[in-house]
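As the structure lists them, so they are numbered: ligands from 1, and atoms in each ligand from 1.
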Amino acid sequence: MNITPVNEASPLITLDDAIFESVVNDLVKQGFSIKPNRLPVAVVDALLTCQRSMKDSEYQKAGIGRATQFQQKDDIRSDEISWITGSTVEGQIWLSWCDALKTYINRSLFMGLFSFENHFACYDVGAFYKRHLDAFKEQRVLKNQTNRVLSLVAYLNEDWKEGDGGELVLYQNNEDTKGLKIEPTRGTFVVFLSEEFPHEVLTSNRERHSVAGWFRVNGSKNAQIAPPI
Ligand code: OGA
Ligand code: MN
């Protein structure tokens, strides 16, 4: 097993590359990766500390669309979000794990992941996020936008049970109506190509906490997966 410090000078956490390698293999094979309970405990703890220290006033109603097309649409999504900036040590632990994942994927797949943005999301009882794509390929290819290309979602909820609702449903393509259901249980994370996989959050019957993040490419050239074979 290969253990790499995040930062040689002052490591915030030590990382096990095996999980990153497994994510990379899944991405090559199928374009998504579902990892139940595989987020390192130190990272989960850091995220929980961050999330619990947040005040209600730090959350805002989520919207859809980029800058000038931004809209709040309660019939599409009803969660509340708070962008993560990494202003605390715990926030930095989470962001350094994300950065290590990005570096590993770039080295293995040459995806050219460049920047990362992410937020906490809180789904109150009754909240949902209807089926959507996180990014549209045409915008990147035709308009050369710095699109989101890889989505990452991580979950913070203890003991999620059948009947609690709030599952993430990941569809294989636009035609798929069945999808794969993922319970938002603490420590589970999911990675998928933002432009390829429609997904939704089913109505939650419990308060539901997650983190959603997106890696962007810097321009249109680098978003294809190109394993070094
Ligand atoms: C999103 C999203 C999924 C989740 O915020 O775009 O799809 O499970 N979130 O929270
Ligand atoms: Mn989404």
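- Annotation for Asp75: atom CG counts as buried by contact number, over 12 foreign heavy atoms lying within 6.0 Å.
- Residue Glu200 places every heavy atom at 4.0 Å or more from ligand 1.
- Donor-acceptor pairing under 3.5 Å is recorded for the side chains of Asn147 and Glu195.
- When all heavy atoms are compared, the tightest approach of Gly187 to Val44 is CA-CG2, 3.9 Å.
- Stacking of Lys130 on the aromatic ring of Phe128 is recorded, both the 6.0 Å distance cut-off and the 45° axial limit being met.
- Atom 9 (N) of ligand 1 has as its closest protein heavy atom Tyr123 OH, 4.0 Å.
- Near Ser210, the atoms of ligand 1 lying under 4.0 angstrom from a non-hydrogen atom of the residue are 10 (O).
- Inspection of the Ser151 and Asp134 side chains reveals an N or O donor paired with an N or O acceptor under 3.5 Å.
- Sequence neighbours left out, the pairs with a member in residues 141-190 that pass ring pair (Phe, Tyr, Trp, His ring centres under 6.0 Å) are Trp97-Phe189.
- Side-chain contact check for Ser22 and Lys35: at least one donor-acceptor pair (N or O, by modelled atom type) lies under 3.5 Å.
- Closest protein heavy atom to atom 3 (C) of ligand 1: Val201 CG2, 3.6 Å.
- By the 3.5 Å distance cut-off applied to N or O atoms, His199 is counted among the residues near ligand 1.
- Classification of the Phe32-Phe197 ring pair by plane angle, with boundaries at 30° and 60°, yields perpendicular.
- Between Lys178 and Asp176 the shortest heavy-atom distance is N-OD1, 2.9 Å.
- Shown in contact with Val153 at under 4.0 Å from a heavy atom are these atoms of ligand 1, numbered in order with element: 3 (C), 4 (C), 8 (O), 10 (O).
- For the pair Asn37 and Arg186, the tightest heavy-atom approach, listed with the atom from each and the gap, is OD1-O, 3.9 Å.
- Tally of protein N, O or S atoms closer to the Mn ion (ligand 2) than 2.8 Å: 3.
- For the ligand labelled ligand 1, residue Phe120 lies outside the 4.0 Å heavy-atom shell.
- Atoms of ligand 1 found under 4.0 Å from any heavy atom of Tyr129 (numbered from 1 in listed order, with element): 1 (C), 5 (O), 6 (O).
- With a 4.0 Å heavy-atom cut-off, ligand 1 is reached by the side chain of Arg208 but not by its N, CA, C or O.
- Against a heavy-atom cut-off of under 4.0 Å, Ala212 is close to the following atoms of ligand 1: 5 (O).
- In terms of polar-atom proximity, defined here as any N/O pair under 3.5 Å, Tyr155 does make such a contact with ligand 1.
- With hydrogens and angles ignored, the 3.5 Å screen pairs no side-chain donor or acceptor of Asn205 with any backbone N or O of Val125.
- For the pair Arg216 and Phe114, the cation does not sit on the ring face, since its NZ or CZ is not both under 6.0 Å from the ring centre and inside 45° of the axis.
- Taking a cut-off of under 4.0 Å to the non-hydrogen atoms of Asp134, the atoms of ligand 1 that pass are 6 (O).
- Side-chain atoms of Ser204 never come within 3.5 Å of backbone atoms of Glu207 as a donor-acceptor pair (strictly under, hydrogens ignored).
- With a 4.0 Å cut-off on non-hydrogen atoms, Asp79 does not touch ligand 1 at all.
- Under 4.0 Å from ligand 1, not a single heavy atom of Phe192 appears.
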